[in-house]
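I have placed the structure first, in the form of structure tokens, so that the comments after it can refer back to it.
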Number of protein chains: 2
Amino acid sequence: MTEVTNTPNRPVSVVGRIADTLQLLQDSMPIQRRIVRAGDSVYQVGQAFGSLYIVNSGYFKMVNLSGEGREQVVGLYFKGDWLGLDGIATSHYACDAVAMDTGEVWAIRYDALIQAAVRTPALLTVLHETMSRELTREHDSMLSLCTLPADARVAGFLRYWTDALAQRGQRTDQITLRMTRAEIGNYLGMTLESVSRALSRLARGDVIRFTEKGRRDIHIPQVEALTAFIQGATVAPMAGALH
Amino acid sequence: MTEVTNTPNRPVSVVGRIADTLQLLQDSMPIQRRIVRAGDSVYQVGQAFGSLYIVNSGYFKMVNLSGEGREQVVGLYFKGDWLGLDGIATSHYACDAVAMDTGEVWAIRYDALIQAAVRTPALLTVLHETMSRELTREHDSMLSLCTLPADARVAGFLRYWTDALAQRGQRTDQITLRMTRAEIGNYLGMTLESVSRALSRLARGDVIRFTEKGRRDIHIPQVEALTAFIQGATVAPMAGALH
DNA sequence: CGCGTTGTTGAACGACGTCAAACGTTGTGG
DNA sequence: CCACAACGTTTGACGTCGTTCAACAACGCG
């Protein structure tokens, strides 16, 4: 009686994997816990690399800064996700990792991890699978960014968020976005107005519903409707449920 | 008097790093060489994961397929780059890796690599840095995709290609694209017509020049002009050199 | 030589961005 | 408790960048 939606190509219980990983880390190496508040950054671009951070609670975004001031949200991170992997190559973090809410991260020294891996090879497996999964996830982001129209990208964003919660064993019919329309738009490569309009259209088509209090809480009657909307956009753009 | 452009946050000689890595692999574990021809795939999505592939020569693209038939070029790979890292997480490759020209890859078994790493820890460093660099590269792709107008994206693509060649010690003033306009467009999230027009405009502004023979060979008078064009687009869109 | 593939260019359309106005929410200080 | 400001969101009108559709040109190949 697992509560978890069974997504293809994923272990049946992601909850289990995350719990196991956290336990494994805790057992095999020193861990530094750190509480962060909304807006705090776990690390910043250019800072000397030393540690990886595993999200224990809260919601985080990864922001990539270009030299000329353009900035881009390149990833969202939930419990069990790792932060700081981009720093390994150059010994300096390449992004900012920013908390979108109060949360806790576990800092582990990278060198300590490598040393511990000699005695506990499973650590290596975990690290590699994490990085590999991250690569695949970004490939999927690029696919969405490049092939989906704005409305479908927003729908895809909502489904990604609910999937992430579902995999962590939380209720999936109701989500509270920790991001402003501007942040969502940045992440999805569009303006905040487009995000707002897309959400309004999704609500009009009853794919989502706004709760009475606040437009940041979103009720999702059935996830399948979201998925259908995304796919519908690729076949016959805008033919789905809309006014 | 080094021929290599000195990009920030990168070792001075990438040529050296690549050569060292190839040598290290060759010395410490069994390698299976494999010749591929244009259009051949090194591996395909869904195929059981077992090996990583290091590009020894040629040009490769990574293609991500969605269930509903959308497809997206998510990366370009040159000598020294690794293919197959996306397969580690699920034990199945998540993309297609396709040769864009005749080339050679070195196949190494992932399990053999992990075992060899016990005696040669440098192998681990190489693997981790490679994956980390790959993550950063994709963050940069997303930044370009989301924040740059079409013309600048094409300019960025050309600069990425020339940088890759320059880092490998090849001439940088002249490049031969191994991709059709459609492939470039797919990679950059736009149509082939937009790519063609962007190239024409860049040529009109003398940022690039077409060689007399074929529109696939592109001459680049000075890379700085490309860079300036990209940055110009972010500050005052379309204010650069154009008709 | 004829034909398929690839690339270029033009014209019309449409999706999305820009600009602007109005409203709701939250927090702060009088 | 209210007034006010700062911020976030929604919605409309309008402009534009990029797509779509189409015709044509340049190769490469049988």
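Just so we're on the same page: letters track the sequence lines, and every chain starts at 1. All figures in this text were calculated on a predicted structure; none of them were measured in a lab.
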Decide side-chain hydrogen bond (donor to acceptor under 3.5 Å, both in side chains) for A:Q32 and A:Y53; before the verdict, give the C-alpha distance in whole Å, the side-chain angles of both, and the deciding distance to 0.1 Å.
CA-CA 9 Å; A:Q32 175 94 25; A:Y53 303 87; over 6 Å; no
For B:D217 and B:T176, which I'm curious about, is there any donor-acceptor pair between the side chains at under 3.5 Å?
yes
In whole angstroms, the gap separating C1' of C:dT6 from CD1 of B:I218 amounts to 14 Å
If the helix axis at each end comes from five base pairs, how far does the helix from C:dC1-D:dG30 to C:dG30-D:dC1 deviate from straight, to 10°?
30°
Using distance alone, with no hydrogens and no angle criterion, decide if B:H139 and A:Q72 have a side-chain donor and acceptor under 3.5 Å apart.
no
Nucleotides 8-13 of chain D: protein proximity per nucleotide (B base, S sugar-phosphate only, - neither; heavy atom, under 4.0 Å)
SSBBBB
Separation of C:dG7 C1' from B:M190 CE (nearest whole Å)
14 Å
Let me see the working for A:R70 and B:L143 under side chain to side chain contact (heavy atoms under 4.5 Å, CB included), right down to the final yes or no.
CA-CA 8 Å; A:R70 291 140 50 209; B:L143 182 67; 4.0 Å; yes
Atom-pair distance (CG on B:L177; C1' on C:dT6), nearest Å
13 Å
Looking at B:S194 and B:M190, would you say the former's side chain and the latter's main chain have a donor-acceptor pair under 3.5 Å?
no
Going by atom types only, do A:Y160 and A:R137 share a side-chain donor-acceptor pair under 3.5 Å?
yes
Quick one: do the B:Y43 and B:D86 side chains pair a donor with an acceptor below 3.5 Å?
yes
Parallel, tilted or perpendicular, as decided by the 30° and 60° cut-offs, for the rings of B:W161 and B:Y59:
parallel
